[in-house]
Amino acid sequence: MIGESYVFLSDPFPVTDPEHSRVADFYAALAEGRLTTLRCTQCGHTNWPPQVACRDCNSDAVEWIDLPTEGTVHGFTIQAGGLPRGFQAPAIFALVDVAGLRIFTTIVDCPPDRVEIGMPVRLKVTTVPGTAPGETRPRHTFAPA
Amino acid sequence: MARRVALVAAGMTRFGVRNASYKDLIVEAGAACLAGRRELKQAIDGLVVGSVMPERTATQSHISSMAAELIGIKPRKLSARTEHMCASGSVGIRYAMAFIAAGLADVIMVMGAEKLNVPVKTEIALNMSCGVDHEWEASFGLTAPPAFAFAAQAHQRKYGTTEDDLTTISLKNRAHAANNPYAHFKQVPTRDEVLCSRVVATPLRLYHCSPVSDGAAAVVLAAEDVARDFTDQPVWILGSGQCLDGFTLSSLGDDLSRWPAMERASAQAYAAAGIRPEVVDFAEVHDCFAVAELISYGGLGFCKVGEETEFLRAGESDYGGSVVVNPRGGLIGCGHPLGATGVAQACEAFWQLRNEAGPRQVEGARIGLTHNNSGMGEHIVMLYGRD
């Protein structure tokens, strides 16, 4: 471990590699600017976050659907410091309502004193470092609409 | 017929930023609880250890076996570790209670232990982020303070709760902690110091938050038929309840100012004990953040849901009020070594109900409640009483 550049144990970001995750398609779509999740074809429940069997009826007959990329801020908080290794302050954490789902995210491109409840926001795909030099991983952050 | 279960011994380490390893803390708490009593030690036939993240903070798994060896006990009937984030200790007590009630063991030590302070500060927050969903929450930098800040924002908007109200809770618990030799904090800040402390996650300031603490605590539970072999003042578990509504913030519904899982967990405990909230003399509640204590006043039935702020302002949650909340100083005053917290609450219940709590004694205490959350949608409540 000591001397190597990537340590899985201290990686704060998700596994986006299809070899190690069955929801990796979320990240592939996100890299194209699409926000997606898994909907159950048996009971119709839309699961958020996406998962490989429905949390309502537990069927594994789930399919990827596109979600709208616009939403509104349900609640927020601004963290000024003390973030985990890998993150920078200040961070605007928000719960954003998108098509009846409540998505936890961060608001970017917004002065902290401008964010408010009810504010319209739009998906803004940002990136964080990948697991190999030069690679990136996409994040579903939001910005003021 | 289930057997009644009592606490028969308790002991803990001082909580705080300790010059001690994870193992040191386990050894200290074991020694404090056993107090050199070989007859008690030999009677222990089970061990449960609540501990959240020793894999990350001490690079150690296999916790119960290690603890048994360090304390010098050889469990004959039960050895287990419980991990339920901040409620791990209380979850362990409830497991032990069920084992004893069912006749599967007679005398069980429950320990809680956590070493959170590690040499690299930014790793502490990264470790704490393991308590929320790694893929969908922690991967944005979420830890507990911003998660509970959403609830504080919701309570402020709905009920007009102010920063000053949250500060009242912090000052109360820090004042209580000053009377507790095991507390992380001995100094009581002024109201201005709290209101001017740095913002952690709006609207929560530093002194509205529990600190990052190391510590361990232990209690011994025994069946009613043998409890008096170890003490003439057993403290009985009267009832308990646990309820989960959801794990991620996305799952918790529209109104984060109200935590229905706490209302149902406490209702279970009161029903099991056959008592009403009005008879509770003191409560050790999970004030990981001041807003969590505030919401517990309604959630635990001490006042109506939504009337928490009035209850606080009327002084009902302090000495002289209808229920003394957090006489040991709570998590804000004592610190919050995750797995140890629920067990330390049980230690306080043991001492208060035996009239052994010294300057922080709740006069004439007959019934005490302890409460842990491990998130806004997850709660566990224990009720304790004396003969």
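Order of the sequence lines sets the chain letters (A, B, ...), proteins ahead of strands, with each chain counted from 1.
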In terms of heavy-atom proximity below 4.5 Å to chain A, should [X] be classed as side chain, backbone, both, or neither?
| X | result |
| --- | --- |
| B:E137 | both |
| B:L142 | both |
| B:D254 | both |

- Message: Between the side chains of B:K158 and B:E307, is the shortest nitrogen-to-carboxylate-oxygen separation below 4.0 Å, so that they form an ion pair?
- Response: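 Result for this pair is no, no salt bridge flagged.
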- Using a strict 4.0 Å threshold on nitrogen-to-oxygen distance, state whether A:R122 and A:E70 make a salt bridge.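 Between A:E70 and A:R122 there is a salt bridge, with a charged N closer than 4.0 Å to a carboxylate O.
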Which answer fits [X], side chain, backbone, both or neither, if we ask what part of it has an atom under 4.5 Å from a heavy atom of chain B?
| X | result |
| --- | --- |
| A:A94 | backbone |
| A:A80 | both |
| A:L83 | both |
| A:P50 | both |
| A:T16 | neither |
| A:V23 | side chain |
| A:D97 | neither |

- Query: Are B:L116 and B:M128 close enough that some pair of their side-chain heavy atoms sits under 4.5 Å apart?
  - Reply: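 With C-beta onward as the side chain, the pair touches.
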- Message: Heavy-atom pairs under 4.5 Å with chain B - which of A:G82, A:P14, A:S10 has more of them than the others?
- Response: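 Most heavy-atom pairs under 4.5 Å with chain B: A:P14.
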- Looking at B:T309, B:I295, B:V291, B:L312, which one forms a side-chain contact (heavy atoms from CB on, under 4.5 Å) with B:T161?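 It is B:T309; the other options fail the test.
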- Task: Would you name the heavy atoms of A:R137 and A:G130 that are closest together and state the gap between them?
- Result: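 Closest heavy-atom pair between A:R137 and A:G130: NE-CA, 3.6 Å.
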- Message: How close do B:G246 and B:S251 get, counting heavy atoms only, and between which atoms?
- Response: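 Scanning both residues, the minimum pair turns out to be CA-OG, 3.4 Å.
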- Message: Angle between ring planes, A:H140 versus B:W136, binned at 30° and 60°: parallel, tilted or perpendicular?
- Response: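 Tilted, since the angle between the ring planes falls between 30° and 60°.
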- Task: Establish, from distance only, whether the side-chain atoms of A:H74 and A:R102 form a donor-acceptor pair under 3.5 Å.
- Result: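 Note: A:H74 and A:R102 side chains meet the donor-acceptor criterion.
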- Task: Heavy-atom pairs under 4.5 Å with chain A are the metric here; pick the option from B:A149, B:C130, B:G141, B:P145 that has the most.
- Result: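 Result: the option with the highest number of such pairs is B:G141.
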